[in-house]
Amino acid sequence: MSRIRGKDTSIERIVRSYLFARGMRFRKNDRRYPGHPDVVLPKYRAIVFINGCFWHMHEGCGGHTVPKTNTAFWRAKLERNRERDRRQHDELRRMGWRVIDVWECELGKATRASRLERLVEQIVDGGRDGQAPPDAVCGSGGTMKAVEHAPDARTSPTRRTGDGKETT
């Protein structure tokens with residue numbers, strides 16, 4: 001497991017290059033926030049997590065299966081990952097951030113363009129009504145719900161200090 005990448009994965013690079021090409025500027029893997037989000041967009045008060053279906057137990061997706069050997073270990077490990085994700089997302093929402101999850105299966109060739117366009121809309125528009133999009137078909141053939149959490153009413157604008165850092 002030591003060779004499994006935790007950041008700069010191929011799916012993260014796809015999302016980041018798409019956002020950058022659309023003129024969005026962001027921080028990546030910012031350690032100041034719970035979960036070290038893959039993409040932090042302070043201008044929009046949005047945080048994007050780009051999740052692998054296996055490691056984050058994407059329900060209803062063909063990419064999430066429990067290995068046939070050492071099942072108890074894997075089930076416990078993956079459940080801990082899922083619970084940690086929930087805690088981190090809740091904490092970020094309490095801090096006033098909108099949290100958006102992008103799943104690996106959504107970035108398959110068949111669904112990539114539409115998912116990336118929808119991601120930009122979620123970031124810029126703030127999901128307008130704060131509702132998650134309807135059920136979608138994931139790239140691995142299953143159906144799943146795309147997750148976007150409703151914006152928090154306590155969001156505050158960001159401003160730059162004299163040294164170039166952003167504060168809220």
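Keep in mind it's a predicted model, so treat the numbers as computed, not measured.
- Every residue two or more places apart in sequence or in another chain was checked for a ring-ring contact (aromatic ring centres under 6.0 Å, His included) with Phe26, and none qualifies.
- By the 4.5 Å heavy-atom criterion applied to side chains, Tyr44 and Arg98 are counted as neighbours.
- Of the options Asp30, Ile47, Val48, Asn29, a side chain to side chain contact (heavy atoms under 4.5 Å, CB included) to Val39 is made by Val48 and by none of the others.
- Separation of the His89 and Phe49 ring centroids falls under the 6.0 Å cut-off.
- The aromatic rings of Trp97 and Tyr33 sit perpendicular, their planes meeting at an angle over 60°, well past the 30° parallel limit.
- Using a 4.5 Å cut-off on side-chain heavy atoms (C-beta onward), Asn51 and His58 make no contact.
- With sequence neighbours left out, the salt bridge (charged side-chain N to carboxylate O under 4.0 Å, His left out) criterion links Glu79 to Arg82.
- The minimum heavy-atom distance between Met95 and Pro34, with the atom names listed, is SD-CD, 4.0 Å.
- In this structure, Tyr18 has no ring-ring contact (aromatic ring centres under 6.0 Å, His included) partners at least two apart in sequence or on a different chain.
- A 4.5 Å side-chain heavy-atom check between Leu119 and Ile123 finds at least one atom pair inside the cut-off.
- Counting non-hydrogen atoms of neighbouring residues, nucleotides and ligands closer than 6.0 angstrom, the CZ atom of Arg75 reaches no more than 12 such neighbours.
- Between the NZ atom in Lys28 and the CD1 atom in Ile50 there is a gap of 10.5 Å [rounded to 0.5 Å].
- When the shell of 6.0 Å around CZ of Arg25 is examined, it contains more than 12 heavy atoms from other residues, nucleotides or ligands.
- With sequence neighbours excluded, the residues forming a salt bridge (charged side-chain N to carboxylate O under 4.0 Å, His left out) with Glu83 are Arg86, listed by chain and number.
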Assess whether side-chain contact (heavy atoms from CB on, under 4.5 Å) is satisfied between Val99 and Gln88, documenting all intermediate values.
-> CA-CA 10 Å; Val99 180; Gln88 291 166 348; over 6 Å; no

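- Scanning all heavy atoms of the two residues, the minimum distance from Cys53 to Glu104 falls at N-OE1, 3.2 Å.
- Evaluation of the ring-ring contact (aromatic ring centres under 6.0 Å, His included) rule for Phe20 yields no partner, not counting sequence neighbours.
- No side-chain heavy atom of Trp74 sits under 4.5 Å from any side-chain heavy atom of Thr69.
- Salt-bridge annotation for Glu106 and Arg118: present, with a side-chain N of the basic residue lying under 4.0 Å from a carboxylate O of the acidic one.
- Minimum heavy-atom separation, Arg27 to Pro42: NH2-CG, 3.4 Å.
- Every salt bridge (charged side-chain N to carboxylate O under 4.0 Å, His left out) that Asp90 has, sequence neighbours left out, goes to Arg93.
- Nearest heavy atoms, Thr111 versus Cys105: OG1-O, 3.6 Å.
- Closest of all the heavy-atom pairs between Arg115 and Ile100 is NH2-CG2, 3.9 Å.
- Side-chain contact check for Leu107 versus Leu116: some heavy-atom pair is nearer than 4.5 Å.
- Counting only heavy atoms from C-beta outward, the side chains of Asp85 and Met57 never approach each other to under 4.5 Å.
- Residues Val15 and Asp38 form no side-chain contact, since every pair of their non-hydrogen atoms from C-beta on lies 4.5 Å or further apart.
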